[in-house]
Amino acid sequence: MKAIQAIRGMKDIPPAETPVWRRLEDTARDVLTGYGYHELRPPMVEKTELFRRSVGEGTDIVEKEMYTFDDRNGDSLTLRPECTASVVRAAVEHGWLRGRGQRLWHIGAMFRYEKPQKGRYRQFHQLDVEALGYPGPDIDAELILLGERLWQRLGLTGIRLEINSLGSREIQEAYRQQLVAYLSAHEQELDEDSRRRLTSNPLRILDSKNPDMGACLAAAPRIVDCLDDASASHFEELQAMLSASGVAFRVNPRLVRGLDYYTGTVFEWITDDLGAQGAICGGGRYDGLVEEIGGAPAPATGFAVGLERVVALMQSGVDVPGVRPPHAYILAVGDEARRDAHAMAEALRDALPGLRLLVDAGPGNFKRKMKSADRSEAELALILGEDEIRGQTVSCKDMRGDGGQQAVARASLTDALKARFDFDD
Ligand code: ATP
Ligand code: MG
């Protein structure tokens, strides 16, 4: 029979890679806790309507990337393509925004039917950070500082920050008309994708990576020149706060985001070390979304980190955490010794909580079990045979050093292991 394979664009994360993921997740959790953010775990499936309303009908995500299906009741459900909408839905549903703000985060899988390639998958993972109920540039600055601290704690360098402001909905509408007028006049310079977007999502054309359109887009009207006073001073204050904290940034007037809900501040963290998929984090303000989803109007801002891309960056560094081999490997020969092995192992685990101990399992003679002990990369083999049972000892064989072997009394085995290993690291 033909073996069944995983779905295209959906990867297994093998045991050799999970230590890097864990370091990333643990570091993120630490940093977020330090800034007073709390974890929320929303479901992975939501009503399709939630994303249609929030992400927006004309976006790539809603138009062609969602995993949407009818459940057995005939309700249209969608595997979340992003989770800002879920976080907002949860906060509104549970009344968490009444009279106060919420700082929330979530880590989990997202699903988009995209063309799989390096750094772009159909199931991928995001760290999502959202601050709901805060209107000012201070919280935008906090999110950016938190991001910068995360990169620094992970030891990542060469990540640049680009920021822009998209203004209010009204500004965006007026700007859209200006932009469409300009781009229509230059239609012969646009590629096919951009021509299509001229009617569906013209702002997104600015985001095009096609070098042939570079000159045309560089000369296009800029949204930062159209901002109202409130948006302009919010954006200026944000820049002043970032400068005061020593954060380097570049204003990129062509930075727009792929989702409809953004208003005001938007930003991206970008690296040049990953080829075409260089955006490792994107976010911004979405002051209209809470109301759109049915809550009382409340300002909000947030960002999402693409974890696969950050893991790839970590893997290109020098200090990559790997799988940790066991300290010791117990192998027992003979029926009585085999019965005793687990009792001995459990006593060691009770006494030494940091101990990584493998107990040999399965059939095989002594030679084969020694081979398994070697393959486990354990430092010590703890051998239990008839002689050892009779004498209440264990033979400890050094598997990495000189290969020497010595008999240790069962009663002093815990102390012998304590003397040899530092279980705190
Ligand atoms: P891109 O421009 O790379 O398509 P995006 O604007 O669609 O990104 P967002 O929706 O803002 O991205 O998601 C935030 C982050 O999630 C991105 O910066 C990226 O790091 C990551 N990301 C988005 N889509 C994917 C994907 N299909 N596979 C892996 N990571 C992704
Ligand atoms: Mg995308």
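Whatever order the structure lists ligands and atoms in, that order sets their numbers, starting from 1. The structure displayed is predicted, hence computed values, not measured ones.
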Regarding [X] and [Y], does a basic nitrogen lie under 4.0 Å from an acidic carboxylate oxygen?
X      : Y      : result
Asp193 : Arg197 : yes
Glu173 : Arg176 : yes
Arg153 : Asp30  : yes
Glu268 : Arg257 : yes
Lys47  : Asp75  : no

Heavy-atom contacts with [X] under 4.0 Å: which atoms of ligand 1 show up? List them by number with element.
X      : result
Ile280 : 18 (O), 20 (O)
Ala304 : 14 (C), 15 (C)
Cys281 : 18 (O)

Between [X] and ligand 1, which part of the residue brings a heavy atom under 4.0 Å of the ligand: side chain, backbone, both or neither?
X      : result
Arg309 : side chain
Gln126 : side chain
Gln277 : neither

Counting non-hydrogen protein atoms only, what is the nearest one to [atom]? Give residue, atom name and distance.
atom                    : value
atom 20 (O) of ligand 1 : Ala279 O, 2.8 Å
atom 28 (N) of ligand 1 : Tyr121 N, 3.0 Å
atom 27 (N) of ligand 1 : Glu114 OE2, 2.7 Å
atom 12 (O) of ligand 1 : Arg112 NH1, 3.9 Å
atom 21 (C) of ligand 1 : Gly306 CA, 3.5 Å
atom 22 (N) of ligand 1 : Phe124 CE1, 3.6 Å

Sequence neighbours left out, what passes side chain to side chain contact (heavy atoms under 4.5 Å, CB included) with Glu93? Give chain and number order. Arg89
In chain order, what residues pass the side chain to side chain contact (heavy atoms under 4.5 Å, CB included) check against Phe421, with sequence neighbours excluded? His327, Glu379, Leu380, Leu417, Phe423
Geometric cation-pi criterion Arg122 and Tyr113, 6.0 Å radius, 45° cone: yes
Can you confirm whether something in the protein, heavy atoms only, sits under 4.0 Å from atom 8 (O) of ligand 1? no
Counting heavy atoms only, which of Pro116, Ala312, Gly119 is nearest atom 29 (C) of ligand 1? Gly119
Could you tell me if Arg103 and Tyr134 have a donor-acceptor pair between their side chains, going purely by distance under 3.5 Å? yes
Take Leu146 and Leu32 through the test side chain to side chain contact (heavy atoms under 4.5 Å, CB included) and record every step on the way to the result. CA-CA 8 Å; Leu146 192 162; Leu32 286 156; 3.9 Å; yes
Does ligand 1 have an atom under 4.0 Å from some heavy atom of Arg257? yes
Considering both backbone and side-chain atoms of Arg120, is one of its nitrogen or oxygen atoms within less than 3.5 Å of a nitrogen or oxygen in ligand 1? yes
